[in-house]
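Note sheet for the following structure.
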Amino acid sequence: MRTACTPEDLRKLGPEELARLATEIRSFLVENVARTGGHLGPNLGVVELTLAVHRVFDSPHEPVVFDTGHQAYVHKIVTGRAACFDGLRRPGGISGYPCRVESEHDWVESSHASAALSYADGLAKAYELSGDPRPVVAVVGDGALTGGMCWEALNNIGAGNRPLVVVVNDNGRSYAPTVGGLAEHLAALRGGSGAHGEQRSVFEELGLDYLGPVDGHDVAALEIALRKARATGAPAVVHAVTQKGRGYAPAEAATAELMHQVKPMDPQTAEPLVPAASSWTHVFAEELVRQGERRPDVVAITAAMPGPTMLDRFAAAFPMRCFDVGIAEQHAVTSAAGLAMGGMHPVVAVYSTFLNRAFDQVVMDVGLHRLPVTLVLDRAGITGDDGASHNGVWDLSVLGAVPGLRIAAPRDGESLREEFAEALAVDDGPTCVRFAKGAVPERVPALVRTGGVAVLRRPGPAETADVLLVGVGALAGPAVEAGDRLAREGIGVTVVDPRWVAPVPAVLAELAAAHRLVVTVEDGGRHGGFGWSLAAALRDADVATPLRDLGVPRRYLHHAPRPELLAELGLTAPEVARQVAAWFARLPGVQPARNGSGGGAEVHRAGRQPADQHAAPVPELVRVHGE
């Protein structure tokens with residue numbers, strides 16, 4: 001692609017050259033995003049808008065802040081990173097969102113919506129205080145404007161007199177069509193039909209100058225509006241009307257989400273290169289509809305993501321019982337509290353990473369009132385390609401602090417159905433069901449169940465009860481495989497799935513007392529995670545068995561496929577087995593065999609009787625129907 005590499009290059013181009021460049025950028029986007037996967041539709045819609053912004057404002061001296069950031073691919077292209085797109089969202093390559101280590105043009109890298117206006121407000125205040133007032137630009141989508149944080153920021157921006165330009169990228173969408181009164185207001189502005197025929201906007205009522213609506217695919221018209229906004233030296237809004245997916249026929253025809261995000265695909269046909277497997281989300285969506293047919297009190301809420309959470313299936317079956325509240329997780333949770341007070345059982349389905357924003361509402365509005373609200377956290381744990389902001393590794397650390405909240409972590413599709421039904425049966429407090437991103441694994445059968453805990457593997461007749469290995473959620477299967485590996489090296493392992501990870505099942509303390517070592521495996525944060533909670537439970541029960549926890553360290557993870565990150569963090573079956581063997585070999589009375597493998601996994605016990613002659617008896621194991 002013959003593309004401009006810097007904003008300075010853009011300013012040298014004439015109208016015809018800009019038009020050709022826009023066409024080239026769209027072809028470049030389709031070709032590259034088809035190869036790596038990523039956000040296609042949003043970026044196809046902001047080509048001319050991005051070119052105009054960079055021609056009018058002097059980035060990075062005059063900051064350009066992108067809200068959410070999934071529409072910043074064009075910004076990356078025109079700030080010198082076109083040659084890096086073969087590594088988009090891949091390990092060692094460029095991020096799918098703005099990234100401060102990549103370029104001085106990237107001011108922020110949070111990819112959670114509705115925050116850009118607050119960043120911009122702070123930057124504008126800082127420049128004013130330093131005696132160097134310069135324009136700050138915030139590019140925000142109409143979908144993000146459904147989030148309350150935008151309006152908190154606008155309330156402050158409008159009251160100031162600083163050179164802050166808000167570019168509203170109005171395509172009528174987030175993932176799905178934008179909902180609510182604001183969407184209707186923007187539609188009226190687009191149509192020129194304000195009250196009494198006037199075009200007075202809500203932005204003007206808040207104290208910002210309003211320019212628009214402007215054709216978001218007309219660079220010249222955009223530049224005129226942006227220069228006028230800049231010249232005011234005061235807060236101003238440029239309302240640009242764009243078309244998501246513009247210029248790529250398959251995206252324009254994909255009316256559900258306009259190819260908001262795609263997996264690797266054939267750029268000619270838009271067909272995925274790998275057929276989609278049944279996912280955790282599919283299983284949840286099917287079970288939600290089934291429960292909705294059985295229980296008329298079950299209602300569903302999503303925050304602008306009916307497609308990604310697959311609540312669209314529930315909405316099709318029960319249109320009056322499904323609510324899309326826009327990008328407003330706080331409102332979603334407290335609205336669910338109201339629904340529960342009114343006799344409903346709400347199911348709030350969001351990505352795990354986005355529930356962080358509604359922690360106060362979970363604590364005070366749902367938890368304090370002991371309301372029967374079920375939180376369903378999709379993409380819990382490591383998600384991978386979308387990077388630090390999208391990994392759902394904080395939910396157990398955060399939600400574990402909420403009194404009375406019960407949290408389930410299913411290990412496979414069957415246990416997801418079962419535990420979701422159990423959550424809906426709870427009527428005296430909130431529940432949460434969390435599951436991973438991607439394809440649902442094969443069934444991991446339980447041998448027996450005790451105290452609500454599923455026993456997935458027990459030591460064989462010739463083995464002693466050496467290690468209790470606790471696999472959480474999607475890592476229960478790898479924990480079983482690790483147990484088998486350890487058994488071949490002479491270590492007796494019991495593998496269990498706690499099923500409900502908060503509160504910690506009491507029987508785990510009894511099981512821990514019957515073993516020499518306890519190891520937990522989870523793909524959530526170690527700090528405040530399940531291992532952390534189990535360690536506290538063992539202390540409370542006066543169980544002295546040492547515990548080691550495997551999980552995500554307290555740091556932000558770089559973007560990479562989920563399997564690669566799991567391997568890097570030692571959360572695969574071979575690595576779990578290696579680490580457990582090394583820990584076990586260091587226990588008192590255990591010495592590594594001379595011919596043992598690298599982790600000291602093949603052991604003999606120096607002067608030690610079988611573990612079951614010393615430890616507390618293993619609790620009675622109760623066989624469960626179907627397991």
Side-chain angles (χ1 to χ4, degrees), residues 7 10-11 45-69 71-72 74-75 78-79 98 105-108 113-130 132-145 149-171 182 186 189 199 201-242:
L10 287 181
R11 298 181 193 116
V46 297
V47 176
E48 291 84 1
L49 177 58
T50 306
L51 297 180
V53 166
H54 277 293
R55 280 168 58 86
V56 173
F57 296 93
D58 182 20
S59 175
H61 177 70
E62 298 172 349
V64 178
V65 181
F66 286 86
D67 197 276
T68 308
Q71 80 280 35
V74 185
H75 163 76
V78 300
T79 54
H105 294 276
D106 291 4
W107 280 82
V108 304
S114 310
L117 299 184
S118 296
Y119 282 122
D121 177 57
L123 280 166
K125 288 173 178 173
Y127 295 144
E128 180 182 56
L129 290 170
S130 63
D132 181 23
R134 66 183 87 161
V136 179
V137 182
V139 181
V140 59
D142 59 300
L145 286 175
M149 192 172 174
C150 275
W151 296 95
E152 294 173 23
L154 285 169
N155 182 54
N156 284 270
I157 291 169
N161 189 35
R162 304 176 187 94
L164 197 162
V165 177
V166 178
V167 180
V168 176
N169 170 31
D170 179 11
N171 58 28
L182 174 66
L186 291 176
L189 292 174
Q199 238 181 349
S201 74
V202 66
F203 304 107
E204 291 168 285
E205 299 291 346
L206 289 171
L208 292 86
D209 290 332
Y210 171 81
L211 296 95
V214 183
D215 181 351
H217 302 292
D218 184 333
V219 175
L222 285 166
E223 286 192 42
I224 291 172
L226 290 169
R227 293 188 191 282
K228 285 182 179 178
R230 179 188 179 119
T232 66
V237 170
V238 174
H239 180 187
V241 180
T242 64

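Bear in mind that the values here come from a model prediction, so they are computed numbers and not experimental data.
Here OG1 of Thr232 is found 5.0 Å from CG of Asp209. Values are rounded to the nearest 0.5 Å. How far CG of Leu145 is from OG of Ser114: 7.5 Å, rounded to the nearest 0.5 Å. Note: Leu49 CG to Thr242 OG1 = 7.0 Å, rounded to the nearest 0.5 Å. Rounding to the nearest 0.5 Å gives a distance of 12.0 Å between CG of Leu211 and NE2 of His239.
In terms of heavy atoms, Ala144 sits closest to Cys150 at O-SG, 3.5 Å. Nearest heavy-atom pair, His61 versus Asp132, reported as atom, atom and distance to 0.1 Å: CE1-OD2, 4.1 Å. In terms of heavy atoms, Glu204 sits closest to Tyr210 at CG-CB, 3.5 Å. Here the closest heavy-atom approach between residue Trp151 and residue Val202 is recorded as CH2-CG1, 3.9 Å. Residue Leu208 comes nearest to Gly158 through the heavy atom pair CD1-CA, 3.7 Å, listed as atom of the first residue, atom of the second, then distance.
Every pair tested for salt bridge (Lys or Arg N to Asp or Glu O under 4.0 Å) that includes a residue from residues 152-161 fails, sequence neighbours excluded, so the list is empty.
In this structure, the side chain of Asp67 engages the main chain of Ala116 through a donor-acceptor pair within 3.5 Å. Looking only at distances, no side-chain donor or acceptor of Ser59 sits under 3.5 Å from a matching main-chain atom of Glu62. When atom types are taken as modelled, the side chain of Ser118 and the backbone of Ala153 share no donor-acceptor pair closer than 3.5 angstrom.
Within the 4.5 Å cutoff, the side chain of Val167 has no heavy atoms near those of the Phe66 side chain. The closest side-chain heavy-atom distance from Leu117 to Leu154 is below 4.5 Å. Using a 4.5 Å heavy-atom threshold, the side chains of Pro7 and Thr79 count as touching.
Under the side-chain contact (heavy atoms from CB on, under 4.5 Å) rule, Val53 has a single partner from Leu226, Val165, Leu10, Val238, which is Leu226. Among Pro63, Pro98, Pro60, the single residue meeting the side-chain contact (heavy atoms from CB on, under 4.5 Å) criterion with His105 is Pro60. None of Val74, Val139, Asn171 except one satisfies the side-chain contact (heavy atoms from CB on, under 4.5 Å) rule with Val46; the exception is Val74.
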Using a 3.5 Å cut-off and no angle test, enumerate the donor-acceptor pairs between side-chain atoms of residues 119-128 and protein atoms at least two apart in sequence or in another chain.
residue, atom, partner, partner atom, Å
Asp121, OD2, Lys125, NZ, 2.9
Glu128, OE1, Arg162, NE, 2.9
Glu128, OE1, Arg162, NH2, 3.4

Tell me which donor-acceptor pairs under 3.5 Å the side chains of residues 214-224 have, and how far apart each pair is, sequence neighbours excluded?
residue, atom, partner, partner atom, Å
Asp215, OD1, His217, N, 2.9
His217, ND1, Glu48, OE1, 3.0
His217, NE2, Gln243, N, 2.8
Asp218, OD1, Ala220, N, 3.1
Asp218, OD1, Ala221, N, 3.0
Glu223, OE1, Arg227, NH2, 3.2
Glu223, OE2, Arg55, NE, 2.4
Glu223, OE2, Arg55, NH2, 3.2

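Scored by the ring pair (Phe, Tyr, Trp, His ring centres under 6.0 Å) test, His54 finds His75 as partners (sequence neighbours excluded). Partners of Phe203 according to the ring pair (Phe, Tyr, Trp, His ring centres under 6.0 Å) rule, which considers only residues two or more places apart in sequence or in another chain, do not exist here. Scanning for salt bridge (Lys or Arg N to Asp or Glu O under 4.0 Å) contacts around Asp142 gives an empty result, with sequence neighbours left out.
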